[in-house]
Amino acid sequence: MTLRASSGWVALSLGELWKFRDLIFTLAARDLRLRYKQTALGVIWVVLQPLMAAGILSFVFGTVAQMPSDGLPYFLFSYAGMMAWNLFSATVTKVSGSLVGNAHLISKVYFPRLVLPLSAIPSVLIDFAVAAGMMAVLLVIYGVAPGWGLLLLPGLIAILLLLATGIGLCTASLSVSYRDVAYVLPVALQMLFYASPVVYAVGIVPERLRSWYELNPLSGLLEAMRFSILGRGSLDWSLLGYAAAASLLVMAIGLFSFKRMERRFADII
């Protein structure tokens with residue numbers, strides 16, 4: 001058999017990837033089992049972590065700094081932002097570490113390497129679903145109704161996953177050759193956290209900096225997700241359109257950079 005390099009969309013091997021879809025879910029199930037193995041609280045940590053973070057942020061930004069929260073309790077406001085942020089950051093982190101974390105599989109077994117980063121997505125979505133269940137409880141407790149914007153949530157999640165997966169594919173490819181990525185990524189995500197409207201609204205950003213701030217696709221995307229979940233605030237369709245276009249572009253760059261470097265994974269890792 002002669003192996004020839006392919007190019008364009010053919011190189012993505014989408015048909016072959018579909019044949020290995022069961023492996024994606026098997027690896028995702030393994031990730032869930034290992035993550036909560038030998039923990040006393042198990043999946044409760046999925047809810048407990050954003051609740052604790054929202055509590056701390058509510059005290060710092062809501063009580064001490066007294067930032068506006070669109071007329072909502074600051075705890076609810078910050079928890080909604082943390083839900084969206086955790087979905088983004090967890091996807092980037094898990095996709096980024098998927099190759100190095102499964103080095104033994106890459107060097108011994110053949111399968112489309114794209115299976116590894118994609119297998120991180122189902123477990124992240126399950127975590128988001130659990131956190132969303134807690135969000136529903138909080139909405140009932142505080143007497144807040146989401147409104148029609150809730151219909152946009154599936155589409156917003158898809159856009160956020162495209163952006164996070166695209167970034168993760170780029171960093172996953174680089175981390176095979178440069179392990180420094182594992183040290184740089186948490187710092188970059190921490191900086192991006194404060195540069196995104198997670199615990200504050202876009203409206204408080206000074207006008208002179210607003211155009212620069214909105215270059216971050218997360219600015220419109222996270223604001224739209226909070227509007228979708230809570231039914232308060234504003235929905236800027238132009239920012240949302242920009243976020244969708246940027247996410248598609250980042251995903252395309254991530255896919256092609258991943259496939260271009262894929263041949264060297266087994267030799268370097």
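Keep in mind that this is a model prediction, so the values were computed, not measured.
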Do [X] and [Y] belong together in a cluster built from hydrophobic side chains that touch within less than 4.5 Å?
X	Y	answer
Phe88	Val184	no
Val140	Met134	no
Val137	Leu72	yes
Ile253	Leu114	no
Leu185	Leu192	yes

Atom of [X], atom of [Y] and distance for their closest heavy-atom approach:
X	Y	result
Pro217	Ala246	CB-CB, 4.0 Å
Gly254	Cys170	CA-SG, 3.6 Å
Ala80	Leu230	CB-CD1, 3.8 Å
Ala120	Lys94	CB-CB, 3.7 Å
Val199	Arg226	N-NH1, 4.4 Å
Ala172	Ser175	O-OG, 2.7 Å

Within the 4.5 Å heavy-atom criterion, are [X] and [Y] side-chain neighbours or not?
X	Y	value
Leu161	Leu87	yes
Glu223	Leu240	no
Arg179	Leu174	no
Val250	Leu162	no
Met82	Phe193	yes
Leu27	Val115	yes
Ile229	Pro146	no

Quiz item: Are the aromatic rings of Phe227 and Trp148 close, with centres under 6.0 Å apart?
Solution: yes
Distance from [X] atom [atom1] to [Y] atom [atom2], nearest 0.5 Å?
X	Y	atom1	atom2	result
Ile157	Ser228	CD1	OG	8.0 Å
Leu163	Leu248	CG	CG	10.0 Å
Asp127	Thr91	CG	OG1	9.5 Å
Leu151	Leu156	CG	CG	11.0 Å
Arg210	Leu215	CZ	CG	13.0 Å
Ser89	Leu189	OG	CG	6.5 Å

Can any side-chain N or O of [X] pair as donor or acceptor with the backbone N or O of [Y] at less than 3.5 Å?
X	Y	answer
Arg260	Leu255	no
Ser98	Val95	yes
Thr93	Ala90	no
Ser119	Leu116	yes

Practice problem: Using the six-membered ring wherever Trp is involved, compare the ring planes of Phe75 and Tyr79 and label them parallel, tilted or perpendicular (cut-offs 30° and 60°). | Solution: parallel
Practice problem: I would like to know whether Ile141 and Leu76 meet side-chain contact (heavy atoms from CB on, under 4.5 Å); could you show each step before the answer? | Solution: CA-CA 10 Å; Ile141 292 174; Leu76 192 63; over 6 Å; no
Quiz item: Which residue pairs pass the side-chain hydrogen bond (donor to acceptor under 3.5 Å, both in side chains) test when at least one of the two sits in residues 189-200, sequence neighbours left out?
Solution: Ser196-Asn216, Tyr200-Tyr213
